[in-house]
Novice: 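Take this structure, written in structure tokens, and hold onto it; I'll ask about it next.
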Amino acid sequence: MNDLCRTSGCCSLWILAGLSAWLLVSPVHAEIRPHEESADHPIIHWYEWENEAFGRAQAEDKLIILDLTAVWCHACHVMDQTTYANPRIVQLLNAKFIPVRVDTDQRPDLDARYRAGGWPTTNVLLPTGEILFQANALGSEEMEAMLLEVQSIYVADKGELLKQASQLWERVKEKVKDNPSRENVLQASMARQSVAMMRAQFDAVNGGFRDAPKFFEPEAIQMVFAYGFFEEDPELLKIGLDTLKRQVRLFDPVWGGFYRYAEQADWTQPHFEKMLSIQALNLRNYVEAFQLTGDLQFKRIALGLIEYVSRFLTDPQTGLLYESQDADVRGTEGEAFISGAEYYSLNETKRLATGIPYVDKRIFTGSNSLMAWAYLHASLVLEKVEIRNMALQMLSRLFEKRFDLEKGFAHVETGGVPSLYGLLSDHVLFGQALLEAFKVTGQPQFLQNAEVLADVSRRLLHDSVDGGFFDHPQMPDKLGLLKFPAKPVKENLQAALWYLDLFHLTGKQPYRFLAENALQTMVMSRQPLPLALSGLAIDQWFRIPIHIAVVGDFDDAMTKILLVEGQRLFCPGKIVKSFDPKEGPPKWGDIVFPYDQRPVAFVCTDRMCSAPVFHAEDMKKSVADMIALLRDPVQK
């Protein structure tokens, strides 16, 4: 799996000529607390990803060792305490190579280009940044043998390697100039094909998709819920619900929160790291399951997850959210004091007596945006106004501190200074959270800010010639593979969903064009499409969204009841708006709704509306009737 943090040695050699395949189809330092340097304990002189490191590599004609790590990565900690603490490895790296260390949470742009398989990833780069060799975790003997071998290869074949690297960039430039076909390739049948493949991959015994190791697949849950709901397919809904019931083996029964993944197909042998993004995506899934079924076990998991994030991952000063919590309790120099398997089997009293696993207190824009969206959605369904207020506070603070009209959104703050501006993933996730804030509150400022961000994203990241969005702004002084203009498929599909949502909320055709452009560009690219997310995006492209209009005096209790019922109903992609006749005619597009002084709701599409709904308990049936009409080929 491409998400695995490995502890066993695993190596793979990338010849430079083969690197062109990656380029044409795909898109600091960890908390290790090392020894102080001494004669008995030499340490590696790590560089950050910076001009100084590349300048020295080129001036001294040395290969670069790029170590991709993460604060939460258990295997990375093990390698720091073994391989990178070995005096022979330290001496070899400091003398013969330029060692560079990158935290992938801090630099997702480098993660996308240089990580192979899992964490850690050990890269050997040419002085200009092209990949010569990649491996995952290496023991001391493996590392020493690898370093000596690549050094020998470089000395013997330097001319040919550098020639291949130069030719590679020329081939990339030529490929980028090739304009793709403009033929419309989007078909509604693609969503059905995705669903059929997901059914085939479903593990009917253990839940989830595919075999071991078992990772969360939140987009797959979203897809089976949405498609099963609209197509009235209870078997498909059961796939999602059964998966959520079985994967609770990865839920911490004491403090709440989900562990990262399981080594076994039955969701056992967890890797105990807790990631903010995993909490956010699971919160969405479990809240939707509760919406769909009313089953209280899903609500309990959602509430336990919220409690965990509030207790362990929330900055009490700003209300923003920390990135992750380690699997193990570690000593002052990074060594494992007690393993995650042992620690998380303890009750609360024994855990607190032992110590608390390290929390990475960095605050990243993307993962905070994910949780803000999940909080906003959950606040309505679970009737928890406090998490709505927390989410709105998070969005306001991030927008104020990190958004720049010229540079876009900053990914993180380093030493209190915003840095790494303009990442597509941050823009899309924050933009989606702004739209959810608008849907939940009705406050126009959130929609206005989303439109401002959408325009900045188009200007900085959209490829107006060949379509799609780049993952970061194109600049001539980028180092290594960052010079390559990558268009990551997952982020482009998410961008398509964001711009499509903007179109439905505003009716502005340029947003629809950008959504279609990104979606079509990805479908036509050579990149493998993520099965669930691509199916979800294509299905939403062809699906007519449900509109729920609530008309009545905003101070009337029944108006509020109808509005809350419309917002709580499970109906993916629905748009709920309220109209107070005192403020003008209740008009949505070309439709003017009748009003006889009684609070009323109407369930509509872009072409028709239901009979008036005066009672909240009738709204669910009215939505179901409208969806049934949309299934009728004559209506489509």
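Sequential numbering from 1 along the given sequence is applied to the chain's residues.
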Novice: Are T365 and R402 close enough that a side-chain donor and a side-chain acceptor fall under 3.5 Å?
Specialist: yes
Novice: Given W255, which of Y308, F312, F272 fulfils the ring pair (Phe, Tyr, Trp, His ring centres under 6.0 Å) condition?
Specialist: F312
Novice: K62 side chain to A95 main-chain N or O, any donor-acceptor pair under 3.5 Å?
Specialist: yes
Novice: Describe, in one word, how the ring planes of F403 and F409 are oriented to each other, choosing from parallel (under 30°), tilted (30 to 60°) and perpendicular (over 60°).
Specialist: tilted
Novice: Please identify each residue that fulfils side chain to side chain contact (heavy atoms under 4.5 Å, CB included) with A391, with sequence neighbours left out.
Specialist: A372, Y375, L376
Novice: Taking C-beta and beyond as the side chain, do M143 and M79 meet within less than 4.5 Å on heavy atoms?
Specialist: yes
Novice: Rounded to the nearest 0.5 Å, what separates atom CG in D315 from atom CG in L320?
Specialist: 6.5 Å
Novice: Check the side chains of D105 and W72 for a donor-acceptor pair under 3.5 angstrom, ignoring hydrogens and angles.
Specialist: yes
Novice: Can you confirm whether more than 12 heavy atoms, excluding those of K478, are under 6.0 Å from its NZ atom?
Specialist: yes
Novice: Hey, could you give me the CG/CD1 distance between N285 and I221, rounded to the nearest 0.5 Å?
Specialist: 5.5 Å
Novice: Can you tell me if CD on E141 sees more than 12 non-hydrogen neighbours from other groups inside 6.0 Å?
Specialist: no
Novice: Quick one about E144 and N86 (side-chain donor to acceptor, distance below 3.5 Å, no hydrogens or angles considered), yes or no?
Specialist: no
Novice: Atom NE2 of H45 and atom CD1 of I98: how far apart are they, to the nearest 0.5 Å?
Specialist: 12.0 Å
Novice: Is there a donor-acceptor contact under 3.5 Å from the side chain of S324 to the main chain of M275?
Specialist: no
Novice: So L481 and I131, do their side chains get closer than 4.5 Å, heavy atoms only?
Specialist: yes
Novice: Please confirm whether the backbone N or O of Y114 pairs with a side-chain atom of Q134, one donor and one acceptor, at under 3.5 Å?
Specialist: yes
Novice: Is there a donor-acceptor pair closer than 3.5 Å between any side-chain N or O of R311 and the backbone N or O of G256?
Specialist: no
Novice: Flag the pair K274 / Y344 as yes when at least one side-chain heavy-atom distance between them is below 4.5 Å, and no otherwise.
Specialist: yes
Novice: We want to know whether E142 and T83 form a side-chain donor-acceptor pair, criterion being a heavy-atom distance below 3.5 angstrom.
Specialist: no
Novice: Answer whether the closest heavy-atom distance between the side chains of H411 and F364 falls below 4.5 Å.
Specialist: yes
Novice: Testing T521, D463, D471, D466 one by one against K487 for a side-chain hydrogen bond (donor to acceptor under 3.5 Å, both in side chains), which residue passes?
Specialist: D463
Novice: Does some side-chain heavy atom of Y322 sit less than 4.5 Å from a side-chain heavy atom of L276?
Specialist: no
Novice: What distance do L283 atom CG and I306 atom CD1 have between them, rounded to the nearest 0.5 Å?
Specialist: 5.0 Å
Novice: Taking side chain to side chain contact (heavy atoms under 4.5 Å, CB included) as the definition, give me every residue that meets it alongside S425, ordered by chain and number, with sequence neighbours left out.
Specialist: L423, E491
Novice: Rounded at 0.5 Å granularity, tell me how far CG in N123 sits from CD1 in I65.
Specialist: 8.5 Å
Novice: Does any N or O in the side chain of W267 come within less than 3.5 Å of the main-chain N or O of N206, such that one atom is a donor and the other an acceptor?
Specialist: yes
Novice: So P108 and L420, do their side chains get closer than 4.5 Å, heavy atoms only?
Specialist: yes
Novice: Before you tell me yes or no, could you show the steps for Q106 and S419 under side-chain hydrogen bond (donor to acceptor under 3.5 Å, both in side chains), namely the whole-Å CA-CA distance, both residues' side-chain angles and the distance that decides it to 0.1 Å?
Specialist: CA-CA 10 Å; Q106 189 93 7; S419 61; 4.9 Å; no
Novice: Kindly indicate whether the side chain of F258, heavy atoms from C-beta on, has any atom under 4.5 Å from the side chain of Q279.
Specialist: yes
Novice: Could you go through D203 and R246, starting from their C-alpha distance and side-chain angles, then the distance that decides it, and tell me whether this counts as salt bridge (Lys or Arg N to Asp or Glu O under 4.0 Å)?
Specialist: CA-CA 11 Å; D203 181 345; R246 288 181 169 88; over 6 Å; no
Novice: Does NZ or CZ of R284 lie under 6.0 Å from the centre of the six-membered ring of W373, at an angle within 45° of the ring axis?
Specialist: yes
Novice: Checking D266 against T268: is there a side-chain donor and acceptor pair closer than 3.5 Å?
Specialist: yes
Novice: Does a side-chain heavy-atom distance below 4.5 Å link L66 with W49?
Specialist: yes
Novice: Kindly compute the distance separating CZ (F399) from OG (S369), expressed to the nearest 0.5 Å.
Specialist: 11.5 Å
